[in-house]
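Working notes for the structure below.
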2 protein chains.
Amino acid sequence: MEFAKKPRQSQQERSALTRNKLLNSTLQIIDAEGWHRASMQRICEHAGVSRGAQTHHFPTRESLLIASVREIVKRYQSDLTEGPIRLQNLEAFFDFLWDATFNDNLLICWVEAMVAARTDASLKRVVADTDASSMTAMRALGAEASQPNGPVRIRGTSQVEDLVELTVCLLRGLVLQQGVHHDLSEKRRLFELWTRIVAEVA
Amino acid sequence: MEFAKKPRQSQQERSALTRNKLLNSTLQIIDAEGWHRASMQRICEHAGVSRGAQTHHFPTRESLLIASVREIVKRYQSDLTEGPIRLQNLEAFFDFLWDATFNDNLLICWVEAMVAARTDASLKRVVADTDASSMTAMRALGAEASQPNGPVRIRGTSQVEDLVELTVCLLRGLVLQQGVHHDLSEKRRLFELWTRIVAEVA
DNA sequence: TAATTTACAAACAGTCTGGTCTGTTTTTTT
DNA sequence: AAAAAAACAGACCAGACTGTTTGTAAATTA
């Protein structure tokens, strides 16, 4: 019969909790219903958070969506870096990228964000920045994977890095198509063809 | 001082005119402001067509957008078929695809449509169908370009055709990125690398 | 020319959205 | 314990959107 009289949750905990609930719901709704249908009301309803609480943390819709964009790349980056730290070769790295692309809904959300950002100046800045840094990280990872022994890199642009960037763009194109044609194995087949071709030249 | 008393325009002409005005404005607005901001009011205003006239030709927003989707592929197809009928090799064909991709705004509109269709069942059907037929046509064109002498094709899927599909997906990924990063020459460089690699194996 | 159909015009109703505003509860500070 | 601040709750409003409806002008048909 003893209840703690001291606060059950600190302000920090409360804040972080609802903030995360909102971000999670935002990503889920973007994935399930598309960017433009991710309205505040729908997000709040889905998250079980009141409109007022949402206003407190994200005063405008733009602020919430920008935070979501940042959340996407943050998670994607941690997928990449927490993953297999040592990749033997480029093919293994490409396989890894494939998994990171199609195993969760992050990249779909990212594509939605890129399309939305195209016609939204303030969003475009954020997406462009985060995308550039993310792309740089992937290029570096790919270069490292293709040449595991060389720890020091001199040039900012090698052919391997370009191949990584091409592969990322290709994967995004495949994601785009996956949204309409749901045959994933067909895309897998195509991607393996590409992987084989690249392995030959790299 | 003589004015024709007979009708200046036939019904057919009037219909076709406003219909085209609406479709053109729709595509322009999708390109400039994005799919979800292409509202009936904005489109009518831009086209100089009254809300009532629009209602007469396209009773619902969905019907107008679906007609626009069909218009996109129709124009894209005519770009492809009216273009250089005889392409010498695959590289020339890829260059041709590059031009068709970045010379007008059709592919941006198409990417917007694909993203919108992902979360819109009825739109998805249309986009999936038109995309499939369009893709088939491009695969065939590519196969023809790579082997100009063989008029008869037996298999439905050759490696060359797969390479064409990969290239189309890549170009879409590049379009996606072009919406956010506006450096086209960088993408051109990457695409030429791609072309060199792919043409080697074909 | 008269009747009918097609094309166009504009107002209206109902819904949804984002931002604001006022008030309440919970935690922290004094 | 009292005061202050942070987190939360929900009503409200002005604007935008789609679809409908009623009415008018132009073209076609009888």
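Residue numbering restarts at 1 for every chain, and letters A, B, ... go by the order of the sequence lines. The figures here come from the full heavy-atom set of this structure, side chains too, leaving out hydrogens, waters and symmetry mates. Just so it is clear, the structure is predicted and the values come from calculations on it, not from any experiment.
No more than 12 heavy-atom neighbours from other residues, nucleotides or ligands sit within 6.0 angstrom of CZ on B:R19.
Between A:F191 and A:F94, the ring planes are tilted. Angles from 30° to 60° get that label.
Look at A:H57 and you'll find a side-chain N or O under 4.0 angstrom from OP1 or OP2 of D:dC8. Contact between the side-chain N/O atoms of B:T18 and the OP1/OP2 oxygens of C:dC8 is found at a separation under 4.0 Å. At the phosphate of C:dA7, OP1 or OP2 sits under 4.0 Å from a side-chain N or O atom of B:H56.
With rounding to whole Å, A:L64 atom CG is found 14 Å from C:dG19 atom C1'. As rounded to whole Å, 21 Å separates atom P of C:dC12 from atom CE of B:M40. Between the CD1 atom of A:I66 and the C1' atom of C:dG18 there is a distance of 16 Å, given to the nearest Å. To the nearest angstrom, P of C:dT27 lies 10 Å from CD of A:E13. Rounded to an integer number of Å, the gap from A:L22 CG to C:dG18 P is 13 Å. In this structure, B:R37 places its CZ atom 12 Å from P of C:dG18, rounding to the nearest Å. Rounded to an integer number of Å, the gap from B:L17 CG to C:dT6 P is 19 Å. When the P atom of C:dG19 is taken as reference, atom CZ of A:F58 falls 13 Å away, rounded to whole Å.
Among the heavy atoms of the strands lying under 4.0 Å from B:S15 are primed sugar atoms or P, OP1, OP2 only; no base atom is included.
Within residues 41-53 of chain A, the residues having any heavy atom closer than 4.0 Å to DNA chain C are, in order of number, A:Q41, A:R51.
A donor-acceptor pair shorter than 3.5 Å cannot be found between the side chains of B:K187 and B:Q177. B:H57 and B:K21 are not linked by any side-chain donor-acceptor pair at a separation below 3.5 angstrom, with hydrogens and angles left out of the test.
Candidate nucleotides C:dT28, C:dC8, D:dT18 were compared by shortest atom distance to the side chain of B:R61, and D:dT18 ranks first. Of all nucleotides listed (C:dT17, D:dA7, D:dA27), D:dA27 comes nearest to the side chain of B:R14. Checked against D:dA27, C:dT27, C:dT17, the side chain of A:Q9 finds its nearest nucleotide in C:dT27.
Across A:L27 and A:N105, no two heavy atoms sit closer than the pair O-ND2, 4.4 Å.
Residues B:T55 and B:M40 have side chains not in contact (no heavy-atom distance under 4.5 Å, counting atoms from C-beta outward). Contact annotation: the side chain of A:E112 approaches that of B:V115 to within less than 4.5 Å [non-hydrogen atoms, C-beta and beyond].
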